[in-house]
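One structure is given here, and the rest of the page talks about it.
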Amino acid sequence: MRWSRTLITTLRDDPQEAEIASHKLMVRAGLIRKLSGGLYTFMPFGVRALHKVAQIVREEMNRAGAQEILMPALQPAEMWERSGRLATMGPGMFRLKDRVERMMVLGPTHEEVTTEMMCNEVSSYRQLPCTVYQIQTKFRDEIRPRFGLMRAKEFIMKDAYSFDVSYEAADASYQAMYDAYVRIFKRCGLLARPVEADTGDIGGKWSHEFMVLADSGEDGVIDCPACGYAANQERAERKAGPTSTPTQDGTLEEVATPNVRTIEQLMAFFKCPGDLFLKTLIYVADGKPVAVLVPGDRELNEPKFKRLLGVKKLELADDATIQSVTGAPVGFAGPVGLTIPLYADQALKDSVGRISGANKADTHLKNVSLARDAKVLAFEDLVMVGSGDSCPRCGKPLQIKRGIEVGHVFKLGTKYSESFDAKFLSPEGQRELMVMGCYGIGVTRTLQAVVEQNHDADGICWPISVAPFVVTLLNLDTKDAAVCAVVDQLEKELQDAGVDVFVDDREDRPGVKFKDADLIGCPIRVVVGSKGLAKGGVEIKLRTSKDVAIVPVDQAVADIVGRVKKFV
RNA sequence: CGGAGCGUAGCGCAGCCUGGUAGCGCGUUUGGUUCGGGACCAAAAGGUCGAGGGUUCAAUUCCCUCCGCUCCGACCA
């Protein structure tokens, strides 16, 4: 492929639309172009890299025994009613009607379609286990598309679904996918870390996310360097540590606190540490108000609370609800005298001598003892785990990092087999539910994660496995016949040797070509110029190294092939 | 959806406050000089100033509405 014949335009300036390095670079290097928010066109170089990622995924899926299929992206909404997800995924799905007014959706994922298909195809235990997968475009009406390919409305996902005769067998399928994921991300040149995760709307009991550590990641990752415990911040647990000792214990006492509402203001007012306050949050869970207490210096972890309540929808109460539930304006809620269900973080168990709102305007209570003064339904781990908290396994301090979720593996159990009555005949002649697992990789997101993790100040540094081209061949003197002859020869020989080569044959000055070569970032750069030839050959340089080797023309291809082999 | 910001040439931006019909850099085209880390000179093409409405003799500029984009929160591969 030659630059002069390729649709690739590089940009000197960072695009205004991009915030993070990988997004800027992908646009600058001419890999993607935005159509609209969350919708991107893959340009020739972008597709090449994308196909390489997809191919790695495909090879490893096949190796793990999964079978590739391809399901429609357009699906009848009725299937989603059956699983109950039309309600839960609701606005996240693109919906449309066909010409006879039938409700359709653009598939955000394919549990329903797969389960229905397997239900029809599988009748005997002899056909199991079976894992199918596809690499296909998914549609999600994201509330906020972000960071280019990171969170898009239309994206390419590899989704796999396993079907087994039992939970034990399903565990083996899960493990096979887990292992395949480890290999996939490694082959893509990514440092990805499996962490325990929440299951969200997909459902199921247990899941692992594969996180690419990056400061620009959207998720918090809790990590224990001591024992290896790792979890998504949403799910992460902690061992409740010691709290400040209350200055005194005693009887409840009202204190006038005009306009003192926030914890910061309270700390200043009472002159004591934040964890001695009871932060009282009023939520609305599936339409009903509930209250939750966390130490004043902590944040509530909403997913954990939602899981504890077992509700579909959980949101902070509005001012009017707070007023009617507590009888006080925002900022003065407290546990004492509340009539709605009340929950509390485990760290507050046996807490005494605390300060909370009095459910009365401009008033707080001192010396609150939860056991004595309030009715707490349950003490659970409900706070957002942060840096320095104690590991739930080993008690050592935890660290917090940022991560990009590139893959997610779920143990689904029988959630979908029940909805679709997906059963098989056991050896004993019984009809039994298939036990499922589902496994996703964001292929387009993975591609961008590769860039996020592999770049420097000058541009992308592609791992050879997913680079659009392995070699960029720079023709520095396009008007010099001898140089052009060498370029032509090397291009042909490299192609014959099976090495992807891209030739920069533009009539530009050398500096422009060097800059663009660094920006696009193919792993091996070969320079052919009259000066180099006079010095004895062509120059070979790795994108990630400063060393330049001058190699005689007749040895160049062998040298390059040798370097390619070293990469793999 | 809540909060913040931005829409002016393919890209990055200025102009707007204090109305008078648009400018800079990059890129593109042509000619010339250059030629090993984003050259220089000259000429040229390229703009319904996001859309609609209002105020005004006159609106890119002031006012209103809408749309789009980006960032921070809840969702997720």
Side-chain angles (χ1 to χ4, degrees), chain A residues 9-20 23-24 27-28 30 33-39 57 88-93 108-109 135-160 181 197-202 207 209-212 218-219 232 234 299 302-303 306 313-316 318 404-410 438-449 458-459 474-480 483 506-519 525 527-535 539 541 548:
Chain A
T9 40
T10 55
L11 272 37
R12 289 194 184 209
D13 299 311
D14 284 335
Q16 162 286 112
E17 78 199 47
E19 194 70 16
I20 65 174
H23 186 194
K24 288 177 182 170
V27 175
R28 281 231 286 144
R33 289 289 181 258
K34 184 172 75 179
L35 174 64
S36 164
L39 299 173
V57 170
T88 53
M89 288 204 93
M93 285 196 286
T109 173
I135 295 173
Q136 188 223 28
T137 301
K138 296 282 186 276
F139 299 86
R140 293 186 188 174
D141 195 357
E142 291 288 346
I143 301 167
R144 184 149 87 86
R146 234 193 297 217
F147 302 150
L149 305 179
M150 284 296 184
R151 178 177 302 278
K153 290 191 174 181
E154 180 180 328
F155 62 98
I156 296 174
M157 177 157 108
K158 184 286 303 175
D159 46 326
Y181 275 33
D198 197 21
T199 53
D201 275 334
I202 304 283
S207 78
E209 286 170 345
F210 285 76
M211 290 288 192
V212 168
E218 293 187 83
D219 297 276
N232 189 308
E234 284 182 354
E299 294 297 319
E302 286 189 16
K306 194 173 167 189
K313 197 172 171 196
L314 179 73
E315 53 188 0
L316 263 174
D318 57 25
I404 301 163
E405 181 190 355
V406 287
H408 203 158
V409 292
F410 296 83
C438 76
Y439 318 92
I441 289 179
V443 178
T444 40
R445 182 184 284 181
T446 298
L447 177 66
Q448 190 170 333
D458 295 317
L474 306 191
N475 182 334
L476 248 40
D477 296 280
T478 49
K479 292 188 178 112
D480 183 317
V483 170
R506 293 175 298 174
E507 291 181 11
D508 271 296
R509 293 158 58 89
V512 173
K513 298 183 188 184
F514 288 132
K515 286 288 184 191
D516 274 336
D518 285 344
L519 176 61
R525 188 187 79 188
V527 173
V528 184
S530 45
K531 287 194 181 171
L533 290 181
K535 273 192 260 174
E539 295 141 61
K541 176 188 169 297
V548 179

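Worth knowing before you read on, the calculation uses all heavy atoms, side chains too, and leaves out hydrogens, waters and symmetry mates. Each chain gets a letter, A, B and so on, in the order its sequence line appears, and its residues count up from 1.
Listed nucleotides: B:C1, B:G38, B:C71. Nearest to the side chain of A:Arg146: B:C71. Closest approach to the A:Glu302 side chain among B:A74, B:C76, B:A77 is made by B:A74 (side chain taken as heavy atoms from C-beta onward). When distances run from any side-chain atom of A:Glu142 to the nucleotides B:C76, B:G37, B:G12, the shortest one goes to B:C76. The A:Glu234 side chain lies nearest to B:C75 when the options are B:C75, B:A74, B:G12.
Within the 4.0 angstrom heavy-atom criterion, base atoms lie near A:Gly442. If you check every strand for non-hydrogen atoms under 4.0 Å, A:Ser36 touches sugar and phosphate atoms only. No contact: A:Lys138 has no heavy atom under 4.0 Å from any strand. Contact annotation for A:Asp516: base contact, defined as any heavy-atom pair under 4.0 Å involving a base atom. Within 4.0 Å of A:Gly92, counting heavy atoms only, lies no atom of the nucleic acid at all. Within 4.0 Å (heavy atoms only), A:Phe147 reaches sugar-phosphate atoms of the nucleic acid but no base atom. In this structure, A:Asp477 reaches neither bases nor backbone, as no heavy-atom distance under 4.0 Å exists between it and the strands shown. Within 4.0 Å (heavy atoms only), A:Ala18 reaches no atom of the nucleic acid at all. Counting non-hydrogen atoms under 4.0 angstrom, A:Arg33 reaches nothing in the nucleic acid. Heavy atoms of A:Val512 sit under 4.0 angstrom from at least one base atom.
Listed by chain and residue number, nothing satisfies the ring pair (Phe, Tyr, Trp, His ring centres under 6.0 Å) test with A:Tyr439 (two or more places apart in sequence, or in another chain). For A:Arg151, the salt bridge (Lys or Arg N to Asp or Glu O under 4.0 Å) partners are A:Glu142, A:Glu218, not counting sequence neighbours.
Here B:U70 sits opposite B:A4 as a Watson-Crick or G-U wobble pair (both hydrogen-bonding atom distances under 3.5 Å). Shown here, B:G23 forms a base pair with B:C13; the pair counts as Watson-Crick or G-U wobble because both key distances fall under 3.5 Å. Here B:C62 sits opposite B:G54 as a Watson-Crick or G-U wobble pair (both hydrogen-bonding atom distances under 3.5 Å). Base-pair partner of B:G47: not found among the strands shown (Watson-Crick or G-U wobble, both distances under 3.5 Å). Pairing partner, B:A39: B:U33, with both Watson-Crick or wobble hydrogen-bond distances short of 3.5 Å.
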Every protein N/O lying under 3.5 Å from an N/O of nucleotides 25-30 of chain B:
| from | atom 1 | to | atom 2 | distance (Å) |
| --- | --- | --- | --- | --- |
| B:G27 | OP1 | A:Arg12 | NH2 | 2.9 |

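Distance A:Lys24 NZ to B:C11 C1': 15 Å, rounded to the nearest Å. Taking atom CG of A:Asp141 as the reference point, atom C1' of B:C75 lies 11 Å away to the nearest angstrom. Look at CG on A:Leu519: it is 14 Å from C1' on B:C11, rounded to the nearest Å. Note: CG (A:Leu476) to C1' (B:C35) measures 9 Å, nearest angstrom.
By the criterion of a centre-to-centre distance under 5.5 Å and near-parallel planes under 30°, the ring of A:Phe155 forms a stack with the base of B:A77.
Between A:Lys531 and A:Asp477 there is no salt bridge, since no side-chain nitrogen of the basic residue lies less than 4.0 Å from a carboxylate oxygen of the acidic one. The pair A:Arg506-A:Asp516 meets the salt-bridge criterion, since a charged nitrogen lies less than 4.0 angstrom from a carboxylate oxygen.
Going from the P atom of B:C41 to that of B:C26 covers 9 Å, rounded to whole Å.
Using a 4.0 Å cut-off, no side-chain N or O of A:Arg509 falls inside it from OP1 or OP2 of B:U34.
The base of B:C75 sits within donor-acceptor range of the side chain of A:Arg151, with an N or O pair under 3.5 Å. At a cut-off of 3.5 angstrom, the base of B:G37 holds at least one donor-acceptor pair with the side chain of A:Arg525.
For A:Pro145 against A:Gly38, the heavy-atom pair with the smallest separation is CB-CA, 3.6 Å. A pairwise comparison of heavy atoms in A:His408 and A:Ser207 identifies NE2-OG, 2.8 Å as the closest pair.
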